[in-house]
2 protein chains.
Amino acid sequence: MRVQLIGFGNIGQGLAKVLLRKRKGLKQRHGLDIKVVSISDVTGTVADEKGVDLKKALGVMSKSGRLIDHPGATKMSGLEAIEEIDVDVVVEATVSNIKTGEPGLSHMLRAMEKKKHVVTSNKGPLVLKFRKLQKTAKKNGVQFRFEASVGGAMPILNLARQCLSADEILGIRGILNGTTNYILTRMLREESPFDIVLREAQELGIAEADPSYDIDGIDTASKLVILANAIMGTDATYKDVKIQGIRDVTPEAVKLAKDDGYAIKLIGEVSDNRLEVSPRLVSLNHPLNIEGTLNVATFETDIAGEITIVGKGAGAIETNSAILSDLVSIWNSQ
Amino acid sequence: MRVQLIGFGNIGQGLAKVLLRKRKGLKQRHGLDIKVVSISDVTGTVADEKGVDLKKALGVMSKSGRLIDHPGATKMSGLEAIEEIDVDVVVEATVSNIKTGEPGLSHMLRAMEKKKHVVTSNKGPLVLKFRKLQKTAKKNGVQFRFEASVGGAMPILNLARQCLSADEILGIRGILNGTTNYILTRMLREESPFDIVLREAQELGIAEADPSYDIDGIDTASKLVILANAIMGTDATYKDVKIQGIRDVTPEAVKLAKDDGYAIKLIGEVSDNRLEVSPRLVSLNHPLNIEGTLNVATFETDIAGEITIVGKGAGAIETNSAILSDLVSIWNSQ
């Protein structure tokens, strides 16, 4: 399987690391031999018909952080690489942009038009143009897979579509953002105010310097749109989500809830075509009440009842479990 | 898809009920038209080329509990029905027997030899003759699926095999029996002794009159064997499991654990080829700490880290979510 990697940040480098570890195992178990024939980042492209030396590429990144410093690299852009290099699958792992979807959106559409399967971790394009991407994939007879875009290592999309294939999914509720879950967990345990816990999370690298994307619910809303469109067949975009973040959650509210047997969690929910992100009470005994940076989602189904899945919502290595399982699925369906 | 149903107890009747509800939806979503051309129980067989009237068959069962009272029923046994009636898939839903595996084992082997796919909820044959069943299916080019045999509605096998296909599963820990989980949950909440909680569970119909199968860990051990063989490639039987049940768990031990932030749970665990069922401490904050009659399993994987799934471990309707999803998988792979 000839793979082209567009984007060589955290996730892209994680894929290279995981492939170095897992290549032999994937060959043995699935007969799948993955060859990365080109890697592109914003500075340029490294290509090799016989497979790029992943160790060497990782070495260049850890030294200079610029792929163009790799011996033999060219200034070819990601889009040009998609245009010119012949591969089976494009892994799109550029940074998510939920305003324009670019450059991921153009990468994905062009790859599909060139009859390449697309696997991605990039939420932006899916939040803005889900139906267009799905139609373009169908029209060109290629697969479009994006397990890594929601819930990191947690195989939430494939669980719903492959393992609950006979069930109708009536609703989805989940904690889809690890940073807010970490903050709310510490507020519950220590009865500390939001500002102080946020600052400590920033010092630990769990929250970003500009934390708005997480704590104002934007990240959760993006993932919710992808879940709703992919699993429940809606045609929603980011604008259809009613969003409230966790800035206004007080230690008093957290304590009051706790005394009654509840935790306050930032919950994303889809049901009856309504998409909503807001702080909600979750019973301390419910499977949705998970702690720390973990993610969780509960499906309400018509036959199986409630099914809940819990896993790591982020991580450069963990998220590549999802990217690789998408690659295996494409391989097995050929 | 022509289906033959062997066994018409709780699970078999649940399948008939679910099919009456879901037939139209399965046709629309998957193009799958399931026709049950024969049903057998210990008293006899009802067969109809054009599809047995499921409503009528359910009606007979609710009146007399014997399929032979159905108009036109014959004394044909399940094994004879497998021999003589032409179908695509046999759903084996007779009562589990972990001593001899019969009559399920003969049903499954004969069905495979007659080139029929097999879907089952019946643990017995899998606990005793897993490899033989798997080899016979392979030799005859048919599929053998048994999602319903472990964890009821919880799609644990398909999750590991389809959704975590790129990961190596290093270990599995889980609460695989709802009755013991219910008893331990109440002991934790109420600090009551085992005997009293067991008696109340029996009155509520959550525990059987002879509770040994559940509380002595036999049921958990059976499911563990199936998980280990199917997911981790071991060749274990029931005898390879070290088993300790929950009879000796005292209210004092439960309280002591709780004060330290732990619950005592009956955990089945596979790791390093060791299979063990015993009461263990589970942190109150861990996703494995789920309450009531729910089931849960945590996979330890090499890339994704820990992935946990929670769902209803039993129920005539819920378990048929698993049987139907196996039927959909067979349909989609043809």
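For the numbers below, each heavy atom of this structure counts, side chains included, while hydrogens, waters and symmetry mates do not. Each chain gets a letter, A, B and so on, in the order the sequences are listed, and its residues count up from 1.
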Report task. Please flag which part of A:Asp302 lies under 4.5 Å from any non-hydrogen atom of chain B: side chain, backbone, both or neither. Result -> both
Query raised in the report: So, does B:Lys312 use its side chain to make a donor-acceptor pair with the main chain of A:Ala304 at under 3.5 Å?
Result: no
Query raised in the report: Within a reach of under 6.0 Å around CG of B:Asp33, are more than 12 heavy atoms found that belong to other residues, nucleotides or ligands?
Result: yes
Query raised in the report: More than 12 heavy atoms of other residues, nucleotides or ligands under 6.0 Å from CG of A:Asp272: is that the case?
Result: no
Query - Largest heavy-atom contact set with chain A, pairs under 4.5 Å, which of B:Ala153, B:Gly14, B:Gly152 - result: B:Ala153
**Report entry** Over all atoms of both residues, closest heavy-atom pair of B:Ile307 and A:Gly311
**Finding:** CD1-CA, 4.2 Å
Report task. Heavy-atom pairs under 4.5 Å with chain B are the metric here; pick the option from A:Leu324, A:Asp167, A:Ile317 that has the most. Result -> A:Asp167
Query raised in the report: What distance separates B:Met154 CE from A:Leu164 CG, expressed to the nearest 0.5 Å?
Result: 12.0 Å
Query raised in the report: Highest number of heavy-atom pairs under 4.5 Å with chain A: which of B:Asp326, B:Asn158, B:Val310?
Result: B:Val310
Query raised in the report: If you round to the nearest 0.5 Å, how far is CG of A:Asn332 from OG of B:Ser165?
Result: 7.0 Å
**Report entry** Contact class of A:Leu284 relative to chain B, heavy atoms under 4.5 angstrom
**Finding:** neither
Query - Residue, of B:His286, B:Arg21, B:Gln162, that accumulates the most heavy atom pairs under 4.5 Å with chain A - result: B:Gln162
Report summary line: Heavy-atom nearest pair, B:Cys163 first then A:Cys163, reads SG-SG, 3.5 Å
Requested in this report: With a 4.5 Å cut-off on heavy-atom pairs, point out which of A:Thr319, A:Ile290, A:Leu157, A:Leu159 contacts chain B the most.
Outcome: A:Leu159
Report summary line: Honestly, the part of A:Glu168 sitting under 4.5 Å from a heavy atom of chain B is both
Query raised in the report: Are there more than 12 heavy atoms of other residues, nucleotides or ligands under 6.0 Å from atom OH of A:Tyr262?
Result: no
Query raised in the report: At a heavy-atom separation under 4.5 Å, does B:Leu32 approach chain A through its side chain, its backbone, both, or neither?
Result: neither
Query raised in the report: Is chain B contacted by the side chain of A:His30, its backbone, both, or neither, given a heavy-atom distance below 4.5 Å?
Result: side chain
Query raised in the report: Is it the backbone or the side chain of B:Glu306 that comes under 4.5 Å from a heavy atom of chain A, or both, or neither?
Result: backbone
**Report entry** Heavy-atom pair of closest approach, residues B:Lys22 and A:Ile303
**Finding:** CE-CD1, 3.6 Å
Query raised in the report: Is it the backbone or the side chain of A:Arg161 that comes under 4.5 Å from a heavy atom of chain B, or both, or neither?
Result: neither
Report summary line: Ranked by heavy-atom pairs below 4.5 Å to chain A, first place among B:Ala166, B:Gly315, B:Ser325, B:Ser333 goes to B:Ala166
Report summary line: Closest heavy-atom pair, B:Arg189 versus A:Asn285, reported as atoms and distance to 0.1 Å, is NH2-ND2, 3.7 Å
Report task. Pick one of side chain, backbone, both or neither for A:Leu26, based on which atoms fall under 4.5 Å of a heavy atom in chain B. Result -> side chain
